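A short write-up of the structure that comes next.
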Amino acid sequence: MQYWLMKSEPDTFGIDDLKACPDGTEHWDGVRNYQARNMMRDQMKKGDRVLFYHSACKVPGVAGIAKVVKEAYPDHTAQNPDSKYYDPKATQDNPRWFMVDVKYERKLKRLIPLSELKSNPALEGMQLLKKGNRLSIMPVDDAHWQAILAME
DNA sequence: GCCAACGTTGGC
DNA sequence: GCCAACGTTGGC
């Protein structure tokens, strides 16, 4: 079992939006970065748990927990010319982009702001906190997972 | 294969 | 809205 962190912009799709989905489950479409895609496609397994992170908003931080309920399959939005995630290079034979399904588990008791994560010595070295980090999906160490939940 | 130009992410 | 960091594109 692996822990992950996945970023989403709450103005577009936040933890409450996931919660509101049928069965609390939604496909994680729109990943258009190769590193993130590879991790999602090759390493994310059913049952893995995910920190749902709110990015590009007033108070960025960890908002809740979700879990992977379906492993990677082609991201069909890449083949839809009307989608903002359309990629003309994606085809049926070579879908190029993938997604997983995640299911809402719970919101944290409070949103844990990035500023607090940064000042927690237990989280030193965490990928999220590294300068210039722009990956929307990244693995989280067991110890870091525990340390974050201890901040609730 | 190099690298400049450009686009995007995301914190502040 | 600014800007640093990074990824991608495309000319050469």
Side-chain angles (χ1 to χ4, degrees), chain A residues 2-21 26-44 48-68 71-102 104-141 143-152:
Chain A
Q2 171 73 53
Y3 294 118
W4 301 95
L5 180 144
M6 294 170 98
K7 293 181 186 171
S8 187
E9 300 185 15
D11 295 339
T12 307
F13 189 82
I15 186 77
D16 289 322
D17 296 304
L18 180 63
K19 186 180 182 180
C21 287
E26 184 60 294
H27 41 260
W28 202 268
D29 59 15
V31 172
R32 296 292 179 269
N33 168 285
Y34 289 106
Q35 256 184 287
R37 178 203 70 180
N38 292 348
M39 284 190 283
M40 195 165 59
R41 186 190 56 192
D42 304 333
Q43 292 172 252
M44 278 195 135
D48 282 1
R49 301 182 61 222
V50 176
L51 293 174
F52 195 112
Y53 179 88
H54 283 174
S55 68
C57 56
K58 280 205 192 78
V59 186
V62 177
I65 296 175
K67 72 179 170 193
V68 177
E71 290 171 19
Y73 59 105
D75 181 344
H76 53 74
T77 63
Q79 294 170 53
N80 175 6
D82 296 328
S83 169
K84 66 171 174 169
Y85 299 125
Y86 178 60
D87 179 352
K89 290 180 185 153
T91 63
Q92 286 257 292
D93 287 344
N94 181 15
R96 192 140 117 137
W97 302 112
F98 292 81
M99 59 189 178
V100 297
D101 286 358
V102 299
Y104 173 84
E105 199 159 288
R106 68 179 181 90
K107 281 171 84 165
L108 298 192
K109 294 178 197 119
R110 65 185 188 102
L111 182 131
I112 301 173
L114 177 63
S115 58
E116 288 188 36
L117 299 179
K118 280 181 173 170
S119 59
N120 184 345
L123 297 178
E124 206 166 320
M126 191 183 175
Q127 209 171 328
L128 178 73
L129 305 181
K130 288 187 179 154
K131 190 168 80 164
N133 165 61
R134 286 169 46 198
L135 266 186
S136 63
I137 297 176
M138 67 192 85
V140 174
D141 293 349
H144 292 158
W145 175 280
Q146 304 298 342
I148 289 169
L149 293 191
M151 297 170 76
E152 260 189 285

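Proteins get letters first, then strands, A, B, ... in listed order; numbering begins at 1 in each. Nothing here was measured: the structure is a model prediction, and the numbers come from that model. As a basis for the values below, the full set of heavy atoms in this structure was taken, side chains included, without hydrogen atoms, waters or symmetry mates.
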Hits for side-chain hydrogen bond (donor to acceptor under 3.5 Å, both in side chains) against A/R110, two or more places apart or cross-chain, chain-then-number order -> A/E116
Which residues share a salt bridge (Lys or Arg N to Asp or Glu O under 4.0 Å) with A/R106, sequence neighbours left out
A/E152
Do A/Y73 and A/D101 have a side chain donor and acceptor closer than 3.5 Å?
yes
Using whole Å, what does the distance between atom P of nucleotide C/dG10 and atom NZ of A/K89 come to?
6 Å
Between B/dG10 atom P and A/L129 atom CG, what is the distance in whole Å?
14 Å
May I have the distance from A/L5 (atom CG) to B/dG10 (atom P), rounded to whole angstrom?
11 Å
Of all heavy-atom pairs linking A/N120 and A/A147, the shortest is ND2-O, 4.2 Å
A/K118 side chain N/O closer than 4.0 Å to the phosphate oxygens (OP1, OP2) of B/dC12?
yes
What is the distance, to the nearest angstrom, from the CG atom on A/L135 to the P atom on B/dG11?
13 Å
Between atom CG in A/L117 and atom P in B/dG10, what is the gap in whole Å?
15 Å
Expressed as a whole number of angstroms, how long is the span from A/K7:NZ to B/dT9:P?
11 Å
So, does A/Y53 get its side chain near the phosphate of B/dT9, meaning an N or O under 4.0 Å from OP1 or OP2?
no
Quick one: list whatever passes side-chain hydrogen bond (donor to acceptor under 3.5 Å, both in side chains) with A/S55, sequence neighbours left out.
none
Remember a base hit wins even if backbone is also touched, and classify A/Q35 as base, sugar-phosphate or nothing at under 4.0 Å, heavy atoms.
sugar-phosphate
Please name all residues satisfying salt bridge (Lys or Arg N to Asp or Glu O under 4.0 Å) with A/D87, sequence neighbours left out, ordered by chain then number.
A/R96
Taking salt bridge (Lys or Arg N to Asp or Glu O under 4.0 Å) as the definition, give me every residue that meets it alongside A/K118, ordered by chain and number, with sequence neighbours left out.
none
Separation of A/E116 atom CD from B/dC12 atom P, in whole Å?
13 Å
With sugar-phosphate taken as primed atoms, P, OP1 and OP2 and all else as base, the protein-contact string of nucleotides 2-8 of chain B at under 4.0 Å (heavy atoms; B, S, -) is -----BB
How many whole angstroms separate atom CG of A/L114 from atom C1' of B/dT9?
14 Å
